[in-house]
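I'd like to ask some things about the structure below.
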Amino acid sequence: MTPARWLWLILGLGVILGLMLWLVTALHWLYIQVAFTTPFLANILLLLLIGLLGGLLYVFFRYLYLLNRKGRRSPTFQVPAAKTDAAAENLKALRQQLSQIEDEVARQALLARARELEDEFHRQELRLVVFGTGSAGKTSLVNALIGEMVGEVAPTMGTTEVGQTYQFWLPYTDQEIVITDTPGILEAGVAGTYREQMARQLAAEADLLLFVLDDDLRQSEYTPLVNLVEMGKRSLLVLNKMDLRSEADQLALLKHLRQRVRGLIPPEDVVGIAAHPQPVRLPTGEWLEPEPHILPLIRRITAVLREEGDDLVADNILLQSQRLGEQARKIIDQQRRRQADKVVERYQWIGAGVVCVTPIPVVDLLAAAAVNAQMVMEIGTVYGCDLNRDRARELALSLGKTLASLGIVKGAMDLIATALQLSVGGMVIGKAVQSITAAYLTRIAGKSFIEYFRHNQDWGDGGISEVVQEQFQLNRRDEFIQSFIQQAIARLPAQLGQVIPESFKLPQENPED
């Protein structure tokens with residue numbers, strides 16, 4: 001509440017209290033006078049006094065209540081308090097979004113992935129993905145975590161060709177973990193590139209990512225690490241093969257790595273291990289196989305689970321559903337664009353036909369063909385925007401003025417006239433140019449409105465002029481103009497055949513649709 005309101009409130013309260021005191025005093029005096037002659041009437045006056053005081057108090061507190069509520073807005077939706085609730089709502093919204101896809105194959109593929117996400121969400125299993133360069137020791141790490149040999153271990157690159165998944169329970173937690181060993185990245189050849197793509201896809205689906213190194217972080221490793229972290233992947237940086245270094249070198253390298261990834265990964269999430277230590281030769285000549293040294297990593301994973309728990313799964317479900325939603329949006333956008341393009345194509349030839357058979361001056365060309373309110377309404381309907389005719393006409397006139405002010409009307413007529421190699425001086429020849437120009441300007445207008453509706457009825461930072469200019473530049477290439485004129489002659493033969501001499505008509509073999 002503002003200071004001015006507080007001042008008025010205090011003043012009002014003072015006035016009310018003063019009036020109440022005066023009223024009580026007056027009624028008390030009246031009560032004494034009446035009580036001597038008519039006690040019954042005095043009791044009625046007392047009841048009126050009590051009722052009046054109660055009414056004043058009610059009005060006062062009601063005013064305070066309304067003043068406190070004034071200016072507040074009810075929220076349009078309730079933000080889920082927990083990430084799990086947000087993930088559940090996001091999955092529900094994703095289902096509704098996928099139902100808009102008309103392509104049956106694409107819709108079923110995305111629905112299958114959405115069902116997988118829903119199953120993962122309900123199972124609440126933590127998906128741990130081991131990611132890194134070839135032969136950095138990923139499989140050895142998986143073996144050490146599970147406590148048994150589950151994968152082939154070899155020093156050469158490319159051992160793990162496909163993702164391998166296993167389940168285990170982490171000590172001191174009640175969390176079941178699904179761990180995936182991925183193919184190595186940065187391998188040579190076509191096969192190496194394919195395996196890296198598979199590894200990146202698996203890493204993008206992780207609830208918790210273990211990025212494994214066996215030395216300093218190279219730039220070729222740093223880039224995918226940055227991409228995954230910026231994507232939203234919760235990541236631990238694991239330095240393997242620590243047994244190959246002295247204690248001083250171990251500390252120095254860990255310190256260097258923490259400096260290198262500062263701002264990306266917290267220092268406590270950079271952990272050194274030895275998943276498969278090298279055998280040690282004893283004085284007796286025998287070889288000793290040391291136990292894996294992964295306790296620091298187990299402790300850190302356990303701490304992360306205790307601190308973040310179910311949020312890891314919920315965060316990943318949110319991220320995956322958002323990525324799936326983005327794929328769906330792209331498909332829906334392409335679907336809507338195809339539908340809108342058909343609307344534009346239909347109206348551009350309608351506009352050409354109207355101009356061709358109607359004696360309309362050049363100055364009215366824009367209103368007759370290039371800017372059409374009905375076309376705007378139909379494009380808006382494709383993008384889920386229901387416009388009334390007045391709003392559509394307002395948008396159409398606005399774009400028409402922009403076309404005229406930018407000189408695109410004259411520029412379009414010059415393009416068409418040049419392509420036809422005709423003079424616009426004669427009435428008949430001028431009518432042909434006007435007809436095709438009408439179709440062309442209608443196309444520019446329609447394409448501009450498609451961009452407007454694609455961006456939620458927003459022309460963008462550059463405004464309507466920038467959008468119109470861009471569409472004009474995209475549709476003024478010589479090869480497009482020639483093809484466009486061929487389409488016009490093919491689609492409007494009855495009208496244009498009367499105004500374009502045979503010697504000027506372009507070849508019509510294989511006209512483009």
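Residue numbers start at 1 and run along the sequence shown. Heavy atoms only: backbone and side chains are in, while hydrogens, waters and symmetry mates are out.
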Go through the steps for Q278 and E289 under the test side-chain hydrogen bond (donor to acceptor under 3.5 Å, both in side chains), then give the verdict. CA-CA 7 Å; Q278 294 296 310; E289 294 282 349; over 6 Å; no
NZ/NE/NH1/NH2 to OD/OE distance under 4.0 Å, K233 and D207: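 Answer for the salt bridge query: no.
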Does CD in Q167 sit with more than 12 non-hydrogen atoms of other residues, nucleotides or ligands closer than 6.0 Å?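 Count over threshold, so yes.
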May I ask you to decide if Q471's main-chain N or O and N475's side chain share a donor-acceptor pair within less than 3.5 Å?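 At least one qualifying donor-acceptor pair exists.
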How are the rings of Y440 and F472 set relative to one another: parallel (under 30°), tilted (30 to 60°) or perpendicular (over 60°)?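 It falls in the perpendicular class, over 60°.
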Using a 3.5 Å distance criterion without hydrogens, assess whether the side chain of D333 forms a donor-acceptor pair with backbone atoms of R454.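 Judged by distance alone, no pair lies under 3.5 Å.
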Mark yes or no for whether Q250, through its side chain, and M242, through its backbone, hold a donor-acceptor pair below 3.5 Å. yes
What I want to find out is whether E118 reaches R95 closely enough, with some N-O distance under 4.0 Å, to be called a salt bridge.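 Looking at R95 together with E118, the answer is yes, because their closest N to O distance falls below 4.0 Å.
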Stacked cation flag R260 on Y222, 6.0 angstrom / 45 deg: yes
Are there more than 12 heavy atoms of other residues, nucleotides or ligands under 6.0 Å from atom CD of E247?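 No, because the 6.0 Å sphere around CD of E247 holds 12 heavy atoms or fewer from other groups.
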So, taking the atom named CD in Q259 and the one named CG in L217, what distance separates them when rounded to the nearest 0.5 Å? 13.5 Å
Check R337 with E451, please: is the shortest side-chain N to carboxylate O separation under 4.0 Å?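 Yes, this pair counts.
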Looking only at side chains, do N143 and H276 share a donor and an acceptor under 3.5 Å apart?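 No - no donor-acceptor pair under 3.5 Å links their side chains.
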Do Q201 and E205 meet the criterion of a side-chain donor-acceptor pair at a distance under 3.5 Å?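 The answer is yes; a qualifying pair exists.
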Measure from the ring center of W349 to the ring center of F484 and say whether it is less than 6.0 Å.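 For W349 and F484, the ring centres are under 6.0 Å apart.
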Using a strict cut-off of less than 4.0 Å between a Lys/Arg side-chain nitrogen and an Asp/Glu carboxylate oxygen, indicate whether E286 and R281 qualify as a salt bridge. no
Decide, yes or no, whether a salt bridge links E326 with R329 under the criterion of side-chain N to carboxylate O below 4.0 Å. yes
Is it true that atom CZ of R262 has more than 12 heavy atoms of other residues, nucleotides or ligands lying nearer than 6.0 Å?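 Atom CZ in R262 is not packed in, count stays at 12 or less.
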Looking just at side-chain N and O atoms, do Q108 and E104 make a donor-acceptor pair shorter than 3.5 Å? yes
Between the side chains of N316 and R127, is a donor N or O closer than 3.5 angstrom to an acceptor N or O?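 R127 and N316 do not have a side-chain donor-acceptor pair below 3.5 Å.
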When you check the gap from the basic side-chain N to the acidic O, do D269 and R300 get nearer than 4.0 Å? yes
Between the side chains of R113 and Q327, does any donor sit under 3.5 Å from an acceptor? no
Can you confirm whether more than 12 heavy atoms, excluding those of E466, are under 6.0 Å from its CD atom? no
In plain terms, say whether K342 and E345 are close enough for a salt bridge, that is, a side-chain N and a carboxylate O under 4.0 Å apart.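 Salt bridge: no.
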Taking 4.0 angstrom as the limit, do K241 and D215 come out as a salt bridge?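 D215 and K241: not salt-bridged.
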